[in-house]
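Have a look at the structure below before the remarks.
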Protein chains: 2
Amino acid sequence: MTLTDAAGRGRPRDAEIDGCVLDAALAELAAKGYAAFSLSAVADAAGTTRPAVYRRWKGKAALVVDAVARLAEVDPPQVTGRPFDDLVAELEDFRHCITEAAALPLAGIMLGDDVEPALRRAYTERVVTPRRTRLRAVLAAAVAAGDIAGDADLEVAGSFLTGSWYSFAVAGAAVPDDWAPRVARLVWQACGGAAPG
Amino acid sequence: MTLTDAAGRGRPRDAEIDGCVLDAALAELAAKGYAAFSLSAVADAAGTTRPAVYRRWKGKAALVVDAVARLAEVDPPQVTGRPFDDLVAELEDFRHCITEAAALPLAGIMLGDDVEPALRRAYTERVVTPRRTRLRAVLAAAVAAGDIAGDADLEVAGSFLTGSWYSFAVAGAAVPDDWAPRVARLVWQACGGAAPG
DNA sequence: TTTGCAATACGGAGGTGTCTCGTAACCTGA
DNA sequence: TCAGGTTACGAGACACCTCCGTATTGCAAA
């Protein structure tokens, strides 16, 4: 959603440009980080001009926040009712978001020292919280089903799930193809359960 | 070690400046990331001038690599021979590096898209590899001592150790005070062992 | 006196946010 | 059906800033 909502009668806003600019903004964010984020480069990459961008967004911060919101527009995987399979599906979804979109560099930006508060808030609300909520729900369902122990340390175990990927990436190492089931199996075992299969 | 080694007879190089510049470079790197890294800001923060920095380092890349090398100048914890305790000690050391130095933002930079190859190499060689080697050694010792299973998935389990911290940090969450023993306990259990105590 | 360091200064490049054009699209009302 | 008003567009320009990498000058230590 852009900033203006002109109810006038003139030429309607070219909606296609919005998407191009947001995609370009995500790519620029991934490549340069927030501090070096350049509106000139974004406008160029989007095939438009700087004034056109300023007409839609107030500035760098507003554009970046909108771009993050766009990144979060993904459909979560279906819940099957089998907690272990749901966990693997969530991890595969995470892998998909990381590899397809610019999600990994964005996570890297969040490790920085001077993260713009609005950006941090947008990222937490729209990216972190939804995923964490779903992962927590899967683990809670596993406890309810008796698949894992009721007194398991779910807070730390939950941090293993996505953290494993970050660890590989920081080290510059390739993530194994069967990463998702292997992570799920280990976390299951860490929580006192036995992975099916 | 800086780049020049003038053996002339004139005034000797002021070695103190080197350290100030490297510290300032690490702080700048943590705050702005690599792309927005500014030699002007570094020189200002170090209380010197840009030409003085250029006299010591060839440019941005060389300075950053030296700064990373300085970051890696830490003493690893002593090995006790009790694998579980050694693992906790390593995790506490990791925590110390993350919280005291600028190690976390630097890790975030490594998640970026266009990391300078020289920086990536320096980080991998001097930060990632030493820590990973020590962690692998601890897990291998645990296997040898029969504390954890011999067929455990040590590759993925190893990624849990540091990854857990990254996961908390990306989410903007506070890391628990007893993070190290809790991580160690869960990983122990994931590898088929029982944590002592 | 020799030598290296520090500070000032320089031109070039690139970014920012704003402003003004002329043009093209769209809606409304004659 | 067709003009007129309204609006967004691309393009160009602006004044200002920060950064880069280097050249020059003056000072201080050996």
Side-chain angles (χ1 to χ4, degrees), chain A residues 1-25 27-67 109 114 116 118-119, chain B residues 1-22 24-25 27-67 114 116 118-119:
Chain A
M1 194 61 64
T2 57
L3 295 178
T4 62
D5 262 283
R9 359 186 133 237
R11 180 185 182 182
R13 162 159 293 156
D14 188 344
E16 198 184 343
I17 293 184
D18 291 45
C20 291
V21 171
L22 290 175
D23 286 343
E28 171 78 359
L29 203 57
K32 303 283 184 61
Y34 183 79
F37 182 90
S38 151
L39 282 180
S40 299
V42 170
D44 279 356
T48 182
T49 57
R50 233 148 28 82
V53 175
Y54 276 104
R55 225 171 284 127
R56 288 146 204 272
W57 290 276
K58 207 173 173 183
K60 176 164 149 175
L63 173 57
V64 167
V65 166
D66 269 16
I109 291 172
D114 68 341
E116 190 77 10
L119 173 59
Chain B
M1 194 60 65
T2 57
L3 295 178
T4 60
D5 264 283
R9 7 178 131 235
R11 181 184 180 185
R13 161 158 294 155
D14 188 354
E16 196 183 344
I17 292 186
D18 291 42
C20 293
V21 171
L22 290 174
E28 171 78 359
L29 202 58
K32 302 286 183 60
Y34 183 78
F37 183 90
S38 151
L39 283 178
S40 298
V42 170
D44 279 357
T48 182
T49 58
R50 233 149 27 81
V53 176
Y54 276 104
R55 219 168 294 120
R56 288 147 210 268
W57 290 277
K58 207 172 175 182
K60 175 164 149 174
L63 173 57
V64 167
V65 166
D66 268 16
D114 67 340
E116 190 78 11
L119 173 57

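Labels below follow one simple rule: chain letters A, B, ... track the order of the sequence lines, proteins then strands, and each chain is numbered from 1.
Here C/dG15 presents its P atom at 12 Å from CZ of A/F37, a figure rounded to the nearest Å. With rounding to whole Å, A/K32 atom NZ is found 14 Å from D/dC19 atom C1'. The nearest whole Å value for the distance from the CG atom in A/D44 to the P atom in D/dG12 is 12 Å. Between the CH2 atom of A/W57 and the C1' atom of C/dT16 there is a distance of 18 Å, given to the nearest Å. Taking atom CZ of A/R55 as the reference point, atom C1' of D/dT6 lies 14 Å away to the nearest angstrom. Atom CD in B/E28 sits about 12 Å away from atom C1' in D/dT18, given to the nearest Å.
Comparing C/dA7, D/dC20, D/dA8 by their closest approach to the side chain of B/S40 singles out D/dC20. Of the candidate nucleotides C/dT16, C/dT8, D/dC20, D/dC20 has the atom nearest to the side chain of B/L39. In the set C/dA7, C/dG15, C/dT18, the nucleotide with an atom closest to the side chain of A/Y54 is C/dT18.
Between the side chain of B/R50 and the base of D/dG21, a donor-acceptor pair under 3.5 Å is found.
The side-chain contact (heavy atoms from CB on, under 4.5 Å) test with A/S38 singles out one residue from A/K32, A/E28, A/K60, A/R50, and that residue is A/E28.
The shortest distance between side-chain heavy atoms of B/Y34 and B/D114 does not fall below 4.5 Å. Using a 4.5 Å heavy-atom cutoff, the side chains of A/L63 and A/L22 are in contact. Within the 4.5 Å cutoff, the side chain of B/L39 has heavy atoms near those of the B/Y54 side chain.
Residue B/T49 places none of its side-chain N or O atoms closer than 4.0 Å to OP1 or OP2 of C/dT8.
Summary of the strand contacts: A/S38 and A/P51 both lie near DNA chain C, and taking for each the nucleotide with the nearest heavy atom, the more 5' one is attributed to A/S38.
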